[in-house]
Amino acid sequence: MQSVRMMARNKKVSVQRWLIVPSLLILSLCLQSGGGQKKKENLLSEKVEQMMEWSSRRSVVRMNGDKFRRFVKAPPRNYSVIVMFTALQPQRQCSVCRQANEEYQVLANSWRYSSAFSNKLFFTIVDYDEGADVFQQLNMNSAPTFMHFPAKGKPKRADTFDLQRIGFAAEQLAKWIADRTDVHIRVFRPPNYSGTIALALLVSLVGGLLYLRRNNLEFIYNKTGWAMAALCVVFAMTSGQMWNHIRGPPYAHKNPQNGQVSYIHGSSQAQFVAESHIILLLNAAITMGMVLLNEAATSKGDVGKRRIICLVGLGLVVFFFSFLLSIFRSKYHGYPYSFLIK
């Protein structure tokens with residue numbers, strides 16, 4: 001009887017041991033999980049606090065490779081980061097980078113000093129000379145480039161800003177950020193009085209000229225002068241100057257691999273500032289040729305002189321129209337027609 005009781009007691013103790021061991025294991029895992037979660041929250045809090053401190057000093061946070069990997073790439077992270085990859089050092093000779101950086105600073109300052117500013121979005125910059133390893137890690141071979149790193153997940157194709165098609169104006173960047181983060185930024189530009197000063201100088205110049213010629217204002221009725229002024233406006237508008245003003249495209253594009261500079265954009269959806277200048281000059285040359293042809297046909301001077309004027313005008317029209325058509329073909333791929341220049 002006693003042996004039976006002893007066996008029952010031992011069995012009970014054994015069962016209790018089997019129940020205690022799993023319980024201890026589960027409790028240990030829970031404690032470890034809770035400790036890991038606490039450590040993760042502390043790390044996230046430190047990262048956010050550090051980013052806020054940097055942003056309070058400067059709207060755009062400069063980052064090297066180590067900072068980029070820690071605060072942008074590595075988890076945990078509950079904030080979005082806009083990164084401008086650029087090359088601002090003078091030896092890089094990237095004028096587009098400097099222009100884009102000015103617009104980027106305007107956008108970052110607009111966010112930093114707005115009432116909606118929070119720790120959900122930060123603006124950073126990685127210069128090639130300070131973070132070449134980051135460029136290599138991302139297989140990036142051109143600058144400037146704007147990328148959005150979301151709070152969760154990896155960047156998608158739409159998280160890279162289409163600078164070549166849209167331009168780098170602060171307003172366009174703000175629209176792109178609103179699409180990617182739902183953070184709406186109202187762009188505030190610092191006051192620029194250069195336009196007002198230029199207008200005041202122009203009005204003063206015209207007023208002074210009219211005052212000096214107040215006894216002889218026949219030049220106001222000069223048809224040639226008004227025609228030249230009208231042509232200047234037409235050339236400016238047909239060459240895409242207004243598009244440049246709205247979109248803010250770069251002046252040209254320099255290939256960082258071979259250093260080749262492109263002045264004509266390869267797409268029909270965009271253009272460079274230099275391209276609009278080239279189109280303006282070509283249109284002006286063609287117009288000059290047409291004026292010379294008209295002069296040769298309507299004037300009553302020496303026949304030999306008129307023949308020379310006619311040939312010069314015809315040469316201008318033929319050559320520069322061929323050049324203009326070749327640029328059109330290079331942008332609208334598949335256009336079948338050409339003339340002299342392909």
Side-chain angles (χ1 to χ4, degrees), residues 43-44 46-112 117 119-170 172-174 176-177 179-181 183 185 248 250 253-257 259:
L43 178 59
L44 177 59
E46 291 176 2
K47 291 172 69 173
V48 173
E49 184 179 352
Q50 183 65 72
M51 291 293 289
M52 288 295 290
E53 181 182 351
W54 285 336
S55 296
S56 64
R57 299 176 186 173
R58 187 177 295 178
S59 300
V60 177
V61 180
R62 297 189 70 90
M63 289 194 166
N64 54 22
D66 294 335
K67 290 181 178 179
F68 175 81
R69 282 183 286 272
R70 181 184 176 190
F71 292 94
V72 179
K73 293 286 289 182
R77 182 163 52 83
N78 63 351
Y79 51 86
S80 296
V81 184
I82 306 298
V83 184
M84 177 184 178
F85 299 94
T86 186
L88 295 175
Q89 296 301 319
Q91 66 268 21
R92 300 298 174 186
Q93 297 181 354
C94 183
S95 59
V96 179
C97 295
R98 291 191 291 271
Q99 297 171 12
N101 183 59
E102 292 176 0
E103 293 295 309
Y104 191 57
Q105 294 288 342
V106 169
L107 179 61
N109 287 329
S110 299
W111 168 242
R112 172 65 184 84
F117 176 73
N119 58 5
K120 298 301 180 183
L121 178 66
F122 296 101
F123 289 85
T124 65
I125 187 170
V126 177
D127 194 284
Y128 180 81
D129 292 282
E130 299 174 0
D133 54 335
V134 178
F135 280 74
Q136 296 175 359
Q137 180 183 351
L138 298 176
N139 295 323
M140 194 172 297
N141 54 15
S142 63
T145 300
F146 298 94
M147 285 190 66
H148 164 241
F149 291 85
K152 296 181 180 180
K154 296 181 179 180
K156 300 178 182 178
R157 184 175 182 180
D159 287 311
T160 299
F161 182 68
D162 192 353
L163 184 145
Q164 299 295 338
R165 185 176 64 87
I166 304 177
F168 49 73
Q172 298 298 329
L173 286 168
W176 169 66
I177 291 173
D179 291 337
R180 305 312 304 163
T181 65
V183 174
I185 304 174
H253 175 69
K254 183 177 182 180
N255 192 321
Q257 295 180 341

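This chain uses plain numbering: 1 for the first residue, then up along the sequence. Not measured: the values here are computed from a predicted model.
Within the 4.5 Å cutoff, side-chain heavy atoms of L88 are placed close to those of I125. Inter-residue side-chain proximity for H148 and W176 is flagged as met; some heavy-atom pair is nearer than 4.5 Å. The shortest side-chain heavy-atom distance between D133 and R69 falls under the 4.5 Å cut-off. The side-chain heavy atoms of P76 and L43, taken from C-beta on, include a pair separated by under 4.5 Å. Here the side chains of V61 and F122 are not in contact, with every heavy-atom distance at 4.5 Å or above. The closest side-chain heavy-atom distance from N78 to K120 is below 4.5 Å. Residues L121 and I177 form a side-chain contact, since some pair of their non-hydrogen atoms from C-beta on lies under 4.5 Å apart. Between L173 and F123 there is no side-chain heavy-atom pair separated by less than 4.5 Å.
Remark: R157 pairs with no residue by the side-chain hydrogen bond (donor to acceptor under 3.5 Å, both in side chains) rule, at least two apart or across chains. Evaluation of the side-chain contact (heavy atoms from CB on, under 4.5 Å) rule for A100 yields M84, P144, F146, F168 as partners, not counting sequence neighbours. Residues satisfying the side-chain hydrogen bond (donor to acceptor under 3.5 Å, both in side chains) test with S110, not counting sequence neighbours, are none. In this structure A169 satisfies the side-chain contact (heavy atoms from CB on, under 4.5 Å) test together with E103, E171, Q172, sequence neighbours excluded.
Between L138 and F85, the shortest heavy-atom distance links the atoms CD1-CZ, 3.5 Å. For the pair P155 and M147, the tightest heavy-atom approach, listed with the atom from each and the gap, is CB-CE, 4.2 Å. Nearest heavy-atom pair, R180 versus D159, reported as atom, atom and distance to 0.1 Å: NE-OD1, 2.9 Å. Pairing each heavy atom of Y104 with each of T124, the nearest pair is OH-O, 2.8 Å. The two residues T86 and F135 make their nearest non-hydrogen contact at O-CZ, 3.6 Å. Between A143 and A87, the shortest heavy-atom distance links the atoms CB-N, 4.2 Å.
For F149 and F71, the ring centers are positioned 6.0 Å apart or more.
Separation of atoms CZ (R62) and CZ (R57) is listed at 15.0 Å; rounding is to 0.5 Å. Atom CE of residue M63 and atom CZ of residue R70 lie 10.0 Å apart, to the nearest 0.5 angstrom. Taking CE of M140 as the start and OG of S142 as the end, the distance is 7.0 Å to the nearest 0.5 Å.
The salt bridge (charged side-chain N to carboxylate O under 4.0 Å, His left out) pairs that include a residue from residues 89-98 are R92-D129, where partners are two or more places apart or lie in different chains. Sorted by first and then second residue, the salt bridge (charged side-chain N to carboxylate O under 4.0 Å, His left out) pairs involving residues 135-149 (not counting sequence neighbours) form an empty list.
Remark: side-chain polar atoms of Y128 are not paired, donor with acceptor, to backbone N or O of V134 under 3.5 angstrom. Under a 3.5 Å cut-off, the side chain of R77 and the backbone N or O of V72 do form a donor-acceptor pair. Not a single donor-acceptor pair under 3.5 Å links the side chain of N101 to the backbone N or O of C97.
The only option from Q50, E46, M52 that meets the side-chain contact (heavy atoms from CB on, under 4.5 Å) definition with V48 turns out to be M52.
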key: Criterion side-chain contact (heavy atoms from CB on, under 4.5 Å) on D127 and Q89, from CA distance to verdict   = CA-CA 8 Å; D127 194 284; Q89 296 301 319; 4.1 Å; yes
